[in-house]
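Computed over heavy atoms, backbone and side chain alike; hydrogens, waters and symmetry mates excluded. Everything quoted here is computed from the prediction, not taken from an experiment.
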Amino acid sequence: MNKLQFILFLALLTGMPLLAQQKTETKNVILITLDGFRWQELYRGVESGIVDNPKFVTNRSSLADFEGVSNEEKRASLLPFFWNTIATQGQLYGNRALKSYANCSNPYWFSYPGYSEMLVGSVDRKIRSNGKTLNPNATVFDFLNQSNKFKNQVGAFSTWDVFPYILRESVSGILVNSGLECVNGDSISSNEALLNQIQTKNGKRYDSITFHLAFEYLKRTHPRLLYIALDETDSHAHGGRYDQYLLAAHQADEWISKLWSWIQSQPAYKDQTTLLITSDHGRGRNARRNWRNHGRHIFGSSEVWMAALGPDTPPEGEMTSNQIYQKQIAKTLATFLGEDYQNEFVVGETIHSMFLPQPLMADLSKQAVVEIGQKK
C-alpha cells in the first residue's frame with residue numbers, strides 16, 4: 001500500500017474528509033431553534049393521545065387543518081415547509097422510527113445546558129441551571145466573530161432573555177437582541193420602529209416580535225451568520241396547552257418558509273445560504289402527563305432532531321440509520337462557512353452527511369483504484 005492508498009484508507013476508515021477545510025458554496029448560515037419542540041410532532045404530526053384530551057386542548061376546531069389519516073398527512077399539514085421543501089431539497093434527522101437518532105450529550109436535558117452544548121460544541125457539566133449567568137465557554141459565534149471575514153456580521157435574536165448570557169454578549173461583542181430589548185440606531189427601518197413600539201406597549205416578547213425583528217435586521221444589514229431562537233413551543237407545552245404548542249410550531253414553519261422565499265429572491269443569499277433548524281431538548285413521551293415537561297428524570301427529554309437545507313446539503317430527505325449529537329452543531333455550522341472551528345477543548349465533529357462529497361475525495365478514490373489495478 002503506497003502513501004496515496006494509505007491516506008484514502010485512513011479517511012474512509014475514520015469518516016474524516018481529506019480536506020482540512022470543507023470547500024462549500026455556503027456563504028451565510030441561519031440557525032433557527034424551536035425550543036422544546038418534540039420529534040414526535042415533527043415526524044408524526046398531531047398526537048391523538050394528547051389532542052383528544054380536553055385538559056390539554058381548549059379549542060379543538062383550531063387544529064382541524066392538522067388532522068389526517070396517516071402520520072405523513074398529519075405532519076405535512078402541521079409543518080408544510082418542512083415536508084414540502086426540506087424533505088425534498090434538504091435533510092431531516094431524528095426520526096427514531098427510521099433508526100435516525102439525534103440526542104443531547106449533556107445529562108440535564110433542559111435549555112441552558114442544551115443551547116450551550118449546541119453553540120459551544122461541548123458539554124460543560126457545571127452548566128446545570130437556566131439562571132442568567134455568563135457562559136464560561138466561548139461559542140462558535142465568538143470564534144467566527146473574531147475572524148475578519150465575519151467580524152460584525154454575526155447576530156442573534158431570541159425570545160428567551162437568557163441568550164445574552166449564553167452567547168456572552170457582554171464579552172463577545174456579538175449583537176444579541178433578546179427579551180424586551182428594542183432595536184436601536186439611526187438606520188433602523190420603519191418596520192423595526194413599529195415592532196419596538198408594539199413590544200413596549202405589550203410589555204412582553206413574543207416569537208412574532210423575535211422573528212420579524214430578526215427578518216428586518218437580515219434585510220437591512222445582510223449578516224453572514226444569524227441565529228433566530230423561538231420559544232413559544234416550549235412555553236405552551238409547559239402550560240399544558242397542546243393546541244397552542246401546535247399552532248406555535250405551525251406558525252414557525254410559516255415564518256421559515258417566508259424567510260426561505262426571501263433568501264432565494266436575493267442575489268447575495270440565493271444558493272449561498274444554509275438553514276440549520278433544531279431544538280434544545282426533547283420532552284416526555286407520556287401523552288397523559290409528562291409530554292409537558294423535560295429534564296434528566298423524564299425519559300425522552302434527550303431526544304432532539306435536526307434539519308438542514310442549502311446548496312451543500314444532498315437532497316436526501318429523511319435520514320436513516322444514524323446517530324448524531326447536539327454538540328456537533330457548532331462545528332457543522334462553521335464547516336458550512338468554510339471554517340475549521342476549534343476551542344480550548346475537544347468539540348463535536350462535523351456532521352459529514354450534511355455535505356456533498358468532496359471532489360478531492362472522489363478524484364483520489366479513482367486514482368487509488370487505478371493504481372491498485374496497475375499493480376495487479
Side-chain angles (χ1 to χ4, degrees), residues 32-84 87 92 94-98 102 104 108-111 114 130 159-160 198 202-211 229-257 277-305 307:
I32 304 171
T33 51
L34 278 63
D35 197 302
F37 185 61
R38 303 194 312 167
W39 68 268
Q40 286 92 334
E41 280 77 25
L42 172 59
Y43 290 107
R44 300 173 183 170
V46 174
E47 184 168 332
S48 59
I50 307 175
V51 78
D52 291 336
N53 189 335
K55 178 180 177 181
F56 301 132
V57 176
T58 58
N59 184 7
R60 182 66 183 264
S61 63
S62 67
L63 306 179
D65 290 341
F66 308 148
E67 303 288 351
V69 176
S70 66
N71 289 341
E72 289 74 18
E73 290 176 350
K74 290 189 294 181
R75 70 189 188 183
S77 61
L78 179 65
L79 304 169
F81 180 76
F82 273 80
W83 293 106
N84 294 333
L92 290 155
N95 186 347
R96 304 179 91 82
L98 299 179
C104 304
Y108 304 117
W109 310 343
F110 60 88
S111 291
N130 280 338
T159 302
W160 194 35
I198 294 172
N202 289 336
K204 183 177 180 179
R205 170 63 69 93
Y206 293 96
D207 279 351
S208 58
I209 298 292
T210 296
F211 172 78
L230 304 175
D231 186 68
E232 289 179 15
T233 41
D234 188 68
S235 62
H236 288 313
H238 280 302
R241 301 182 296 271
Y242 192 62
D243 46 0
Q244 295 302 312
Y245 163 83
L246 295 171
L247 290 168
H250 181 71
Q251 180 64 81
D253 178 271
E254 185 177 309
W255 287 332
I256 297 169
S257 177
I277 314 170
T278 187
S279 185
D280 54 330
H281 55 74
R283 315 195 78 82
R285 292 182 173 183
N286 189 303
R288 289 178 175 231
R289 178 171 44 85
N290 72 9
W291 71 270
R292 298 172 53 182
N293 298 311
H294 54 88
R296 64 188 304 173
H297 300 299
I298 299 179
F299 184 72
S301 301
S302 71
E303 300 167 356
V304 293
W305 51 270

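- Side-chain contact check for R75 versus F82: every heavy-atom pair is 4.5 Å or farther apart.
- To the nearest 0.5 angstrom, H281 atom NE2 is 13.0 Å from F37 atom CZ.
- A donor-acceptor pair is defined here as one N or O able to donate and one able to accept, closer than 3.5 Å; no such pair exists between the side chain of D243 and the backbone of V57.
- The two residues W109 and G295 come nearest to each other via the heavy atoms CE3-O, 3.1 Å.
- Between W160 and N130 the shortest side-chain heavy-atom distance falls below 4.5 Å.
- A donor-acceptor distance shorter than 3.5 angstrom exists from the side chain of K74 to the backbone of V46, with no hydrogens or angles considered.
- Scanning all heavy atoms of the two residues, the minimum distance from S77 to F66 falls at OG-CA, 3.2 Å.
- Here the closest heavy-atom approach between residue S279 and residue V304 is recorded as O-CG1, 3.8 Å.
- At least one side-chain heavy atom of D280 sits under 4.5 Å from a side-chain heavy atom of S111.
- Among T210, D234, D231, the single residue meeting the side-chain hydrogen bond (donor to acceptor under 3.5 Å, both in side chains) criterion with T159 is T210.
- Of the possible donor and acceptor atoms, one in the side chain of R292 sits under 3.5 Å from a partner among the backbone N and O of H238.
- Ring centroid separation for the pair W305 and Y43 does not come in under the 6.0 Å cut-off.
- The two residues L34 and T233 make their nearest non-hydrogen contact at C-OG1, 3.7 Å.
- Expressed to the nearest 0.5 Å, how far CG of L63 lies from OH of Y242 amounts to 8.5 Å.
- Taking the charged nitrogens against the carboxylate oxygens, E232 and R241 have no contact shorter than 4.0 Å, which rules out a salt bridge.
- A donor-acceptor distance shorter than 3.5 angstrom exists from the side chain of R283 to the backbone of W291, with no hydrogens or angles considered.
- Scanning all heavy atoms of the two residues, the minimum distance from S301 to G284 falls at OG-N, 4.3 Å.
- Taking R285 as the reference, E303 meet the salt bridge (Lys or Arg N to Asp or Glu O under 4.0 Å) condition, with sequence neighbours excluded.
- Using modelled atom types, no side-chain atom of N202 and backbone atom of K204 make a donor-acceptor pair closer than 3.5 Å.
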N/O donor-acceptor pairs under 3.5 Å from side chains in residues 245-252, not counting sequence neighbours:
from, atom 1, to, atom 2, distance (Å)
Y245, OH, R38, N, 3.0
Y245, OH, E41, OE1, 3.0
H250, ND1, L78, O, 2.7

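- Counted within 6.0 Å of CZ on R288, heavy atoms from surrounding residues, nucleotides or ligands total 12 or fewer; the atom is thus considered open.
- Atoms CD and OG, on Q244 and S62 in that order, are 6.5 Å from each other to the nearest 0.5 Å.
- Residues L92 and W83 are in side-chain contact: their nearest non-hydrogen atoms beyond the backbone lie under 4.5 Å apart.
- By the 4.5 Å heavy-atom criterion applied to side chains, F110 and H294 are counted as neighbours.
- Scanning both residues, L230 and W255, for their nearest heavy atoms gives CD1-CE3, 4.2 Å.
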